Amino acid sequence: QVQLVESGGGSVQAGGSLRLSCVASGFTGASMGWFRQAPGKEREGLATVCTNGVILYADSVQGRFTISQDGSKSTLYLQMGSLKPEDTAMYYCAARRRTILCSSTWGPLHASAMSYWGKGTLVTISS
């Protein structure tokens, strides 16, 4: 059974940092990514680690957020820095069942490309 469990969300002041974690089980070798959804907005792709090792970032987080995995690829991380109030959202971890060979010229994978989702962790940034 596939499971994705996020943790690490919380409330911090603008300019601060947080590290999100996502423990994955029930699959191997999938492309994985982080997404967020603010109230009234569409789910936004932030960063993807693709099966072929390519890492993709949205322009909105490039240089501020870093996606990574542990050696076993069972835990996905999102290190977030220079946080802004507009980063406030529910953050989700997701995985794609089918293999995709990403190009470094792409933006992060779209939510519609992902197969499995965690329940999310809330990040609140105060000014």
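All figures in this text were calculated on a predicted structure; none of them were measured in a lab. Computed over heavy atoms, backbone and side chain alike; hydrogens, waters and symmetry mates excluded.
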| At their closest point, which heavy atom of A95 faces which heavy atom of A30, and how far apart are they? | CB-CB, 4.3 Å
| query | Partners of T48 by side chain to side chain donor-acceptor pair (under 3.5 Å), sequence neighbours excluded? | reply | none
| request: Report the C-alpha distance between L83 and F65 in whole Å, list the side-chain angles of each, state the deciding distance to 0.1 Å, and finish with yes or no for side chain to side chain contact (heavy atoms under 4.5 Å, CB included). | output: CA-CA 9 Å; L83 286 163; F65 293 8; 3.8 Å; yes
| What are the two closest heavy atoms between A14 and S127, and how far apart are they? | CB-CA, 4.3 Å
| Going from OG on S25 to CZ on F27, what distance comes out if it is rounded to the nearest 0.5 angstrom? | 7.5 Å
| field | Side chain to side chain, C22 and W34, heavy atoms closer than 4.5 Å | value | yes
| request: Calculate, to the nearest 0.5 Å, the distance between atoms OG and CD belonging to S74 and Q69 respectively. | output: 9.0 Å
| Between Y116 and Y91, is there a shared hydrophobic cluster once you connect ILVMFWY residues whose side-chain heavy atoms come closer than 4.5 Å? | yes
| field | Test salt bridge (charged side-chain N to carboxylate O under 4.0 Å, His left out) applied to R19 - qualifying residues, sequence neighbours left out | value | none
| Over all atoms of both residues, closest heavy-atom pair of S103 and L56 | O-CD2, 3.3 Å
| request: Decide whether Y77 and M80 are clustered together by the hydrophobic rule: side chain heavy atoms of Ile, Leu, Val, Met, Phe, Trp, Tyr closer than 4.5 Å, transitively. | output: no
| message | What I'd like to find out is whether the side chain of L20 reaches to under 4.5 Å of the side chain of E6, using heavy atoms alone. | response | no
| field | Heavy-atom side-chain contact between D87 and R64 under 4.5 Å | value | yes
| If two hydrophobic side chains count as joined below 4.5 Å and joins carry through other members, does Y92 share a cluster with M114? | yes
| request: Evaluate side chain to side chain contact (heavy atoms under 4.5 Å, CB included) for V54 paired with W106, printing each intermediate quantity in order. | output: CA-CA 10 Å; V54 171; W106 295 0; over 6 Å; no
| remark: Interatomic distance, SG@C102 vs CD1@I55, rounded to 0.5 Å, equals 10.5 Å
| request: Could you pull out the closest heavy-atom pair between S17 and G81, with the gap in Å? | output: OG-CA, 3.8 Å
| query | Any side-chain heavy atom of M32 within less than 4.5 Å of one from C93? | reply | yes
| said: Evaluate T51 against S31 for side chain to side chain contact (heavy atoms under 4.5 Å, CB included), listing each step before the verdict. | reply: CA-CA 5 Å; T51 305; S31 295; 2.9 Å; yes
| request: Taking the side chain as every heavy atom from C-beta outward, state whether V123 and R36 have any atom pair closer than 4.5 Å. | output: no
| said: Can you confirm whether the side chains of E86 and S60 place a donor and an acceptor under 3.5 Å from each other? | reply: no
| query | Mind checking whether I100 and V49 sit in one hydrophobic cluster, side chains of I, L, V, M, F, W, Y counted as touching below 4.5 Å? | reply | no
| request: Write down the atom of W117, the atom of A111, and the distance for their closest heavy-atom approach. | output: CZ2-O, 3.5 Å
| Residue pair S126, T124: steps toward the side chain to side chain contact (heavy atoms under 4.5 Å, CB included) verdict | CA-CA 7 Å; S126 59; T124 304; 5.8 Å; no
| note | In terms of heavy-atom contacts, A113 and R96 come closest through O-NH1, 2.9 Å
| message | If the test is side chain to side chain contact (heavy atoms under 4.5 Å, CB included), which one of T66, L18, L46 qualifies with L78? | response | L46
| request: Rounded to the nearest 0.5 Å, what's the gap from CE on M90 to CG on L122? Could you check? | output: 5.0 Å
| request: Report whether L4 and I67 are members of the same hydrophobic cluster (ILVMFWY, side-chain heavy atoms less than 4.5 Å apart, transitive linking). | output: yes
